[in-house]
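Please read the structure below before turning to the comments.
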Amino acid sequence: MGRTSVRVSAVVLAVTGALAGCTTGTGGGGDRPGGPSRQDDAVAAAGTPVDRGRELTGAERVLVERAEQMLVKECMAAEGFRYWVGPLPAADDLEGGGYVLTDAGWAKRHGYGSRLRERAQEAQRTDRNHAYVNGLTGGERARYGTVLEGTPAGGTVTAPLPGGGTVRTPRESCLAEAGRQLYGDFETWFRAEKTAMNLTPLYVPALVADERFVRAVQDWSACMRKKGHDYASPAEIREERAASAAGAAEEKTGAAEREPGGAEREPGAAEAETYAAEVELAVAEATCAGATPLAATARALQTEYRDEKLQPYAEDIAAYRRMSLAALARAEKITGSTA
């Protein structure tokens, strides 16, 4: 529902986690990839002017997503279509996003999450829903898409974005109906969610220019150099890893084309060595984030700048959190389980 993404500057995306994604806990969405941390929940519970209420934990988010998928399945069945609730991530899989890692334990288990991403991509490739849709006739395939996602012809819900522009989603679809059953007022939810999920451009640029943040990153960099890793910032690591991943993907595609039948090769010594290096670097990053002021400074500045910049959106943020918690209660009844 409302799967529209919004372009923001590379800097904003990079430092988003410093505001909450330098996490040691599970998150519940908000405007940060990877979600807020347990520290953020504690700040919110203390009653800061903007962040009233709390975010859902990672486990709670997964439970709500499962309930949504179950509702979509029920709706699709009523229209004569099959729909499978696909594999969902574990709460631990939702950790690790953002500007800097701070949980050395997570880093030791997952590095920067490369294998988690590979697993998620494989789950998408083998999703039974894809095979089912591909097996439908042309007319039924089109109707399937309309029933699942809707079309503008049935009316749309529009939400203004804090940084400018708008996003829209069809008013009538199984995804919208699932949202209606979970959140109550789908239109209010859609608008509150789109506001809460797109706030970083309003305060991150000022935060990263703050001398306190700059000094904390410099301290982190010095710590990393002592461990044998010469990086000016966590963002530099992200950029290097993104470039390496793109190169590796091209190499893998070429190798598959050269092999008979395009068979996928078994991971070998080189892959194991690459992953071990990923884990070692991730652990160093997280260790230095905790050993220097970076993690604590980022959290403190997040609170300061959100309170300063986001007052006009306080009610939207509160509505987002309130409706998320209401959806969690409904999801527990729908699934018959708790997070």
Side-chain angles (χ1 to χ4, degrees), residues 1-8 10 13-14 16-17 21 23 26-29 32-35 58-59 61-66 68-70 72-73 82-99 101 103 106-136 141 144-145 148-149 175 197 237-279 281-282 285:
M1 65 183 76
R3 310 297 193 200
T4 307
S5 61
V6 180
R7 275 191 177 277
V8 294
L13 286 175
T16 290
T23 69
T26 54
R32 287 94 54 182
R61 289 167 58 197
V62 172
L63 183 65
V64 171
E65 176 67 16
R66 181 169 298 282
E68 180 184 36
Q69 291 293 298
M70 291 171 67
V72 169
K73 178 180 180 179
R82 301 190 68 183
Y83 186 88
W84 287 267
V85 176
L88 298 173
D92 192 53
D93 297 352
L94 302 179
E95 306 267 354
Y99 178 72
L101 295 174
D103 188 339
W106 191 93
K108 188 173 183 179
R109 293 192 300 276
H110 303 297
Y112 287 99
S114 63
R115 291 186 174 176
L116 294 177
R117 287 188 290 276
E118 290 173 2
R119 200 159 66 221
Q121 291 167 358
E122 178 63 20
Q124 289 182 331
R125 284 192 295 268
T126 59
D127 187 346
R128 295 177 69 184
N129 291 302
H130 293 165
Y132 174 72
V133 172
N134 289 336
L136 295 174
R141 189 180 304 130
Y144 178 98
L148 178 62
E149 298 181 339
L175 287 171
M197 294 289 281
I237 297 178
R238 305 300 184 274
E239 292 167 2
E240 180 181 272
R241 289 194 52 77
S244 297
E250 290 180 4
E251 182 180 342
K252 185 175 182 179
T253 299
E257 290 174 349
R258 291 191 297 271
E259 292 179 6
E264 189 172 315
R265 298 173 299 167
E266 288 295 321
E271 286 87 347
E273 183 177 333
T274 298
Y275 184 68
E278 172 188 334
V279 170
L281 179 60
E285 175 182 318

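Counting heavy atoms from C-beta outward, Asp92 and Arg109 have side chains that approach closer than 4.5 Å. Contact check for Tyr112 versus Arg238: side-chain heavy atoms found under the 4.5 Å cut-off. Residues Asp127 and Tyr132 have side chains not in contact (no heavy-atom distance under 4.5 Å, counting atoms from C-beta outward). You'll find the side chain of Val62 stays beyond 4.5 Å of the side chain of Glu65, heavy atoms only. Residues Ser114 and Arg241 are in side-chain contact: their nearest non-hydrogen atoms beyond the backbone lie under 4.5 Å apart. At a threshold of 4.5 Å between non-hydrogen side-chain atoms, the residues Tyr83 and Gln69 count as touching. Contact annotation: the side chain of Tyr275 approaches that of Arg115 to within less than 4.5 Å [non-hydrogen atoms, C-beta and beyond].
Heavy-atom minimum distance, Leu101 versus Ala282: CD1-CB, 3.7 Å. Listed here is the closest heavy atom pair of Gly58 and Ala91: C-CB, 3.9 Å. Between Arg141 and Asn134 the shortest heavy-atom distance is NH2-O, 3.3 Å. When every heavy atom of Tyr99 is checked against every heavy atom of Glu285, the shortest pair comes out as O-OE2, 4.2 Å.
A salt bridge is defined here as a Lys NZ or Arg NE, NH1 or NH2 lying under 4.0 Å from an Asp or Glu carboxylate O, and Arg125 with Glu122 meets this definition.
Interatomic distance, CD of Gln121 versus OG1 of Thr126, reported as 12.0 Å (0.5 Å rounding). Here the CD atom belonging to Glu240 is positioned 7.5 Å from the CG atom belonging to Leu281, to the nearest 0.5 angstrom. Glu278 CD to His110 NE2: the interatomic distance, rounded to the nearest 0.5 Å, is 11.0 Å. One distance of note links NZ of Lys73 with CZ of Arg82; it measures 8.0 Å at 0.5 Å rounding. Remark: Arg61 CZ to Leu94 CG distance equals 5.0 Å, nearest 0.5 Å.
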Test side chain to side chain contact (heavy atoms under 4.5 Å, CB included) applied to Arg119 and Asp93, step by step: CA-CA 10 Å; Arg119 200 159 66 221; Asp93 297 352; 3.7 Å; yes
